[in-house]
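Per chain, numbering begins at 1; letters A, B, ... match sequence-line order.
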2 protein chains.
Amino acid sequence: MIDPPHANAYIGIMAAHHHHEHAGASLAQAAEAALVGAGEQWTDMRSDIFAVLATFEKPASAYDIADLVSQKRGKRVAPNSVYRILDLFVTTNLARRVESANAYIANSHPGCLHDCIFLICDSCGTATHIDDDALTMRVRAAAEHAGFAQVRPVIEVRGKCADCD
Amino acid sequence: MIDPPHANAYIGIMAAHHHHEHAGASLAQAAEAALVGAGEQWTDMRSDIFAVLATFEKPASAYDIADLVSQKRGKRVAPNSVYRILDLFVTTNLARRVESANAYIANSHPGCLHDCIFLICDSCGTATHIDDDALTMRVRAAAEHAGFAQVRPVIEVRGKCADCD
DNA sequence: TTTAGCGATGTAATGTTGTAACGTGCATCG
DNA sequence: CGATGCACGTTACAACATTACATCGCTAAA
């Protein structure tokens with residue numbers, strides 16, 4: 001997903017474990033399992049919202065999601081309800097909030113806990129992510145060094161993606 | 001500013017250059033110099049907005065600033081105008097936008113270019129920052145490795161500060 | 001079986017953040 | 001003088017987010 005189309009000299013150390021990158025039905029199943037595993041219910045509404053969220057390549061706003069879920073259900077779903085469920089998804093690691101875009105993105109490997117590094121293209125808006133635990137751990141360490149506790153890193157990079165460059 | 005009240009084993013490599021951390025009038029002067037140096041004007045409005053911004057410990061929203069500047073001038077200043085000037089400040093490095101707070105903070109060493117790492121306390125809202133070029137360069141490198149260009153890192157850490165912990 | 005409680009969702013209103021479009025005043029320069 | 005450019009004003013609106021309270025359906029205790 002994140003490998004570039006060109007050779008390079010990058011020396012970052014990637015996390016030394018395997019991901020199960022899910023997509024489509026497989027992802028939905030993994031999400032359901034993760035949510036149930038967290039002691040929460042997998043309701044129709046949650047299922048629909050997750051499904052819609054997962055179809056986006058770009059970070060989706062709560063209002064985008066509300067619109068699509070409304071269509072899908074043939075009945076208006078208020079942004080309010082969407083926010084509630086997105087918050088739940090974020091706390092249970094089924095989705096992430098992209099702070100610099102005021103939007104959300106499905107976690108393609110729920111159940112697997114990382115500090116993600118998001119790359120968001122300013123031109124086309126698509127977002128991808130990197131898992132580089134060595135790097136994110138350094139950020140955590142720096143914050144803890146400064147006396148912070150319960151740290152939650154927000155690491156995003158805006159720029160031009162390879163396609164738009 | 002960022003040194004913690006406790007001993008530690010942190011091994012991050014800090015930027016090997018000196019900062020002139022400004023405050024108060026000195027900071028305003030430095031800001032003026034930086035803006036003029038960038039070929040922009042230092043107007044009364046810009047001066048007032050910068051002054052107000054600089055009094056905040058916490059990231060300030062454009063609306064906060066609009067309110068205070070309105071008071072100071074005895075005349076309503078629209079958020080619109082504040083945004084224009086904040087955008088200018090951000091592009092000229094006099095201020096930074098804190099994405100995870102939808103707010104702005106004065107750069108205490110304008111003219112000195114860094115990718116800052118912001119630490120924002122979820123309890124009291126205060127923000128501090130770290131300059132660790134070694135670390136931010138790795139983030140840049142990771143993004144460039146993924147094919148991104150013109151990268152602009154957004155590195156923020158939410159958590160509890162030493163005082164609130 | 002009733003009913004009290006609880007979690008999930010609906011509804012409405014409102015608050016906050018951000019942008020667009022266009023007008024005005026003022027300085028500079030030909 | 002008139003044209004240009006920049007800063008700022010004014011209005012309207014779009015986008016993002018939260019609050020308070022109502023309703024529904026399930027289940028567990030009386």
Side-chain angles (χ1 to χ4, degrees), chain A residues 32 35-36 38-53 56 58-70 72-92 94-105 120 122 125 158, chain B residues 32 35-36 38-53 56 58-70 72-92 94-105 120 122 125 158:
Chain A
E32 174 172 357
L35 200 56
V36 170
E40 300 285 351
Q41 303 178 34
W42 185 252
T43 65
D44 284 356
M45 189 74 255
R46 291 172 185 188
S47 172
D48 284 351
I49 288 181
F50 188 86
V52 165
L53 179 59
F56 278 85
K58 342 195 167 216
S61 80
Y63 281 74
D64 292 340
I65 295 168
D67 288 347
L68 285 181
V69 174
S70 294
K72 183 168 184 170
R73 306 203 134 204
K75 177 172 192 307
R76 173 185 140 89
V77 174
N80 187 349
S81 301
V82 176
Y83 275 110
R84 267 194 298 241
I85 291 174
L86 286 175
D87 287 349
L88 175 68
F89 287 174
V90 168
T91 62
T92 54
L94 267 64
R96 300 277 187 164
R97 179 173 165 82
V98 181
E99 296 291 348
S100 69
N102 294 330
Y104 299 81
I105 194 164
I120 303 108
D122 289 328
R158 312 294 309 212
Chain B
E32 175 173 357
L35 199 56
V36 170
E40 301 284 352
Q41 302 177 34
W42 185 253
T43 65
D44 283 357
M45 188 75 253
R46 289 172 188 188
S47 172
D48 284 353
I49 288 182
F50 189 85
V52 165
L53 179 60
F56 278 85
K58 344 198 164 212
S61 81
Y63 283 74
D64 293 340
I65 295 167
D67 288 347
L68 285 182
V69 174
S70 294
K72 184 167 182 169
R73 304 204 135 205
K75 177 174 192 304
R76 173 185 141 90
V77 174
N80 189 338
S81 301
V82 175
Y83 274 111
R84 268 195 296 243
I85 291 175
L86 286 175
D87 287 350
L88 175 69
F89 286 174
V90 169
T91 62
T92 54
L94 266 65
R96 301 278 187 163
R97 180 174 164 80
V98 181
E99 296 292 347
S100 69
N102 295 329
Y104 299 81
I105 194 163
I120 303 108
D122 289 329
R158 311 294 309 213

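Distance check, rounded to the nearest 0.5 Å: CZ of B/R97 to CG of B/N102 gives 5.0 Å. Rounding to the nearest 0.5 angstrom, the gap separating the CG atom in A/L53 from the CD1 atom in A/I85 is 11.5 Å.
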Could you walk me through whether B/E32 and B/V36 pass side-chain contact (heavy atoms from CB on, under 4.5 Å), step by step?
CA-CA 6 Å; B/E32 175 173 357; B/V36 170; 4.3 Å; yes
Begin with the C-alpha distance, continue with both residues' side-chain angles, and end with the deciding distance and a verdict on side-chain contact (heavy atoms from CB on, under 4.5 Å) for A/R73 and A/D44.
CA-CA 10 Å; A/R73 306 203 134 204; A/D44 284 356; 3.4 Å; yes
Using the rule given for side-chain contact (heavy atoms from CB on, under 4.5 Å), can you reason through A/V82 versus A/Y104, listing the C-alpha separation, both sets of side-chain angles and the distance that settles it, and then say yes or no?
CA-CA 11 Å; A/V82 176; A/Y104 299 81; over 6 Å; no
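Note on ring orientation: taking the six-membered ring where Trp is involved, the planes of A/W42 and A/F89 are parallel (angle under 30°, cut-offs 30° and 60°).
Counting distance only, with no hydrogens placed and no angle test, the side-chain atoms of A/N80 and the base atoms of C/dT9 include no donor-acceptor pair under 3.5 Å.
Scanning both residues, B/V77 and B/A66, for their nearest heavy atoms gives O-CB, 3.7 Å.
A straight line from CG of A/D44 to C1' of C/dG10 spans 15 Å, rounded to a whole angstrom. Regarding B/D48, its CG atom lies at a distance of 11 Å from the P atom of D/dG9, rounded to whole Å. Atom CD1 of A/I49 and atom C1' of C/dA8 are 11 Å apart (whole Å). Distance CZ (B/R46) to C1' (D/dA7): 6 Å, rounded to an integer number of Å. Remark: P of D/dA12 and CZ of B/R76 are 11 Å apart, rounded to the nearest angstrom.
With C/dA8, D/dC8, D/dA17 as the choices, the nucleotide that has an atom nearest any side-chain atom of A/E40 turns out to be C/dA8.
Scanning for side chain to side chain donor-acceptor pair (under 3.5 Å) contacts around A/D87 gives an empty result, with sequence neighbours left out. In this structure, the side-chain contact (heavy atoms from CB on, under 4.5 Å) partners of A/S61, at least two apart in sequence or on a different chain, are A/Y63, A/D64. With sequence neighbours excluded, no residue forms a side chain to side chain donor-acceptor pair (under 3.5 Å) with A/R46.
Residue order along DNA chain D, read from the 5' end via each residue's closest nucleotide, puts B/K75 first among A/N102 and B/K75.
With hydrogens and angles disregarded, a donor-acceptor distance shorter than 3.5 Å links the side chain of A/R158 to the backbone of A/S100.
Residues from residues 58-67 of chain B that place a heavy atom under 4.0 Å from any atom of DNA chain C, listed by number: B/S61, B/Y63. Listed in residue order, the members of residues 81-89 of chain A having a heavy atom less than 4.0 Å from DNA chain D are A/Y83.
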Could you list the protein-to-nucleotides 24-26 of chain D atom pairs, N/O on both sides, closer than 3.5 Å?
none

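Listed pair A/R97 / D/dA17 meets the phosphate criterion, a side-chain N or O lying under 4.0 Å from OP1 or OP2. OP1 or OP2 of C/dA8 has at least one side-chain nitrogen or oxygen of A/Q41 nearer than 4.0 Å.
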